[in-house]
Colleague: 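Let me begin by handing over the structure; questions about it come next.
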Amino acid sequence: MDAEILGHIEKLNQLLNQEGVTPFKFALVHPKELKLLEKNARFMTKAMYDTLVKGIQNQGLSSLPFCYFDGKDYHVLSGNHRVMGAMDAGKEHILILYTDDALSREEQVTIQLAHNQIAGQDDQQTLKELWDEINNLSLKEITGFDDAYFEKLQAIEFTPIKEPQLKTKCVSIIFIQEDLDKIE
């Protein structure tokens, strides 16, 4: 590995620490040097994993695995599949984000579960519009979606809610100053 690159990464870590930007650090490592999770609740289908590997082959690793450095080894806490995918894609080095703060096993598991649990949802209409912007078929393949997925989506129909005529009555309320002061 190029010593100049490693020096730049170390300088970056020092600057980020000095500026208080993040308590975490970067490292450039061979994916096989990382200790994968022994127990991982998150799984991928083979088709999804193959799509991940193909994306890494074509575009590199665009989301950093998060690791715990115990002074000797880097332990993957988030990004197990990305690390395995990088190995299967033949990547010699990947950039990782890590902490070297002392973490108990309980804290490590907490990070693992929290990172796997935090997931957003797609607005289906926006997702379809974005999909339609991609014309290159090999790029579409990397997304993990296909035309069949979008054919299943149906246009959203808005049905107005008709409320029955409500009976209304005007009521006046008068407050004395003491109660008005309490309300304000």
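Worth saying up front: this structure is predicted, and the values here are computed from it rather than measured. Heads up: numbering here begins at 1 and tracks the sequence.
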Colleague: Applying a strict under-4.5 Å side-chain criterion to I, L, V, M, F, W and Y, I'd like to know whether Val109 and Phe66 cluster together.
Modeller: no
Colleague: To the nearest 0.5 Å, what is the distance between CG on Asn13 and NE2 on His8?
Modeller: 13.0 Å
Colleague: Is the closest side-chain donor-acceptor distance between Gln14 and Gln18 under 3.5 Å?
Modeller: no
Colleague: Can you tell me how far apart CZ (Arg105) and OG1 (Thr110) are? Round to the nearest 0.5 Å.
Modeller: 10.0 Å
Colleague: Can you tell me how far the CD atom of Gln59 sits from the CG atom of Leu61, to the nearest 0.5 Å?
Modeller: 11.0 Å
Colleague: When rounded to the nearest 0.5 angstrom, what is the spacing between CZ in Phe24 and OG1 in Thr99?
Modeller: 6.0 Å
Colleague: Using a 3.5 Å distance criterion without hydrogens, assess whether the side chain of Asp146 forms a donor-acceptor pair with backbone atoms of Ala148.
Modeller: yes
Colleague: Counting only N and O atoms by type, is there a donor-acceptor contact under 3.5 Å from the side chain of Glu33 to the main-chain atoms of Tyr74?
Modeller: no
Colleague: For Lys140, look at atom NZ and say whether over 12 heavy atoms of other residues, nucleotides or ligands are found less than 6.0 Å away.
Modeller: yes
Colleague: Which atom names give the shortest non-hydrogen contact between Lys39 and Gln112, and what distance separates them?
Modeller: O-NE2, 3.1 Å
Colleague: Using salt bridge (Lys or Arg N to Asp or Glu O under 4.0 Å) as the criterion, list what pairs up with Glu141, not counting sequence neighbours.
Modeller: Lys54
Colleague: So Leu127 and Phe145, do their side chains get closer than 4.5 Å, heavy atoms only?
Modeller: yes
Colleague: Does the pair Asn80 and Arg42 meet the rule for a side chain to side chain contact (heavy atoms under 4.5 Å, CB included), with working shown?
Modeller: CA-CA 9 Å; Asn80 222 42; Arg42 188 59 54 128; over 6 Å; no
Colleague: Between Leu36 and Met84, is any pair of side-chain heavy atoms under 4.5 Å apart?
Modeller: yes
Colleague: If you look at every heavy atom in Phe69 and Tyr98, which pair is closest and at what distance?
Modeller: CB-CD1, 3.6 Å
Colleague: Ile94 vs Leu34, test: side chain to side chain contact (heavy atoms under 4.5 Å, CB included). Steps then yes/no.
Modeller: CA-CA 10 Å; Ile94 61 171; Leu34 300 172; 3.9 Å; yes
Colleague: Is it the case that one hydrophobic cluster holds both Leu130 and Tyr149, taking links as side-chain heavy atoms less than 4.5 Å apart, direct or via other members?
Modeller: no
Colleague: If you measure from CG on Asp100 to SG on Cys67, what distance do you get to the nearest 0.5 Å?
Modeller: 12.0 Å
Colleague: Would you say CD of Glu129 has more than 12 non-hydrogen atoms from neighbouring residues, nucleotides or ligands within 6.0 angstrom?
Modeller: yes
Colleague: Give a yes or no on whether Leu6 and Phe26 share a hydrophobic cluster (residues Ile, Leu, Val, Met, Phe, Trp, Tyr; joining criterion: side-chain heavy atoms under 4.5 Å apart).
Modeller: yes
Colleague: Could you give the distance from NE2 (His115) to CG (Leu77), rounded to the nearest 0.5 Å?
Modeller: 8.0 Å
Colleague: Name all residues meeting the side chain to side chain donor-acceptor pair (under 3.5 Å) criterion together with Asp88; count only those two or more places apart in sequence or in a different chain, and write none if there are none.
Modeller: Tyr49
Colleague: Looking only at heavy atoms, which two atoms of Gly85 and Val53 are closest? And how far apart?
Modeller: CA-CG2, 3.8 Å
Colleague: What pair of heavy atoms forms the shortest contact from Leu95 to Pro65, and how long is it?
Modeller: O-CD, 3.7 Å
Colleague: Leu37 and Leu113: same hydrophobic cluster, using ILVMFWY side-chain contacts below 4.5 Å?
Modeller: no
Colleague: Between His30 and Glu92, which heavy-atom pair has the shortest distance, and what is it?
Modeller: CD2-O, 2.9 Å
Colleague: Grab the two heavy atoms, one from Lys91 and one from Gln57, that are nearest each other, plus how far apart they are.
Modeller: NZ-O, 4.2 Å
Colleague: Linking I/L/V/M/F/W/Y whenever any side-chain heavy atoms sit under 4.5 Å apart, do Leu15 and Ile9 land together?
Modeller: no
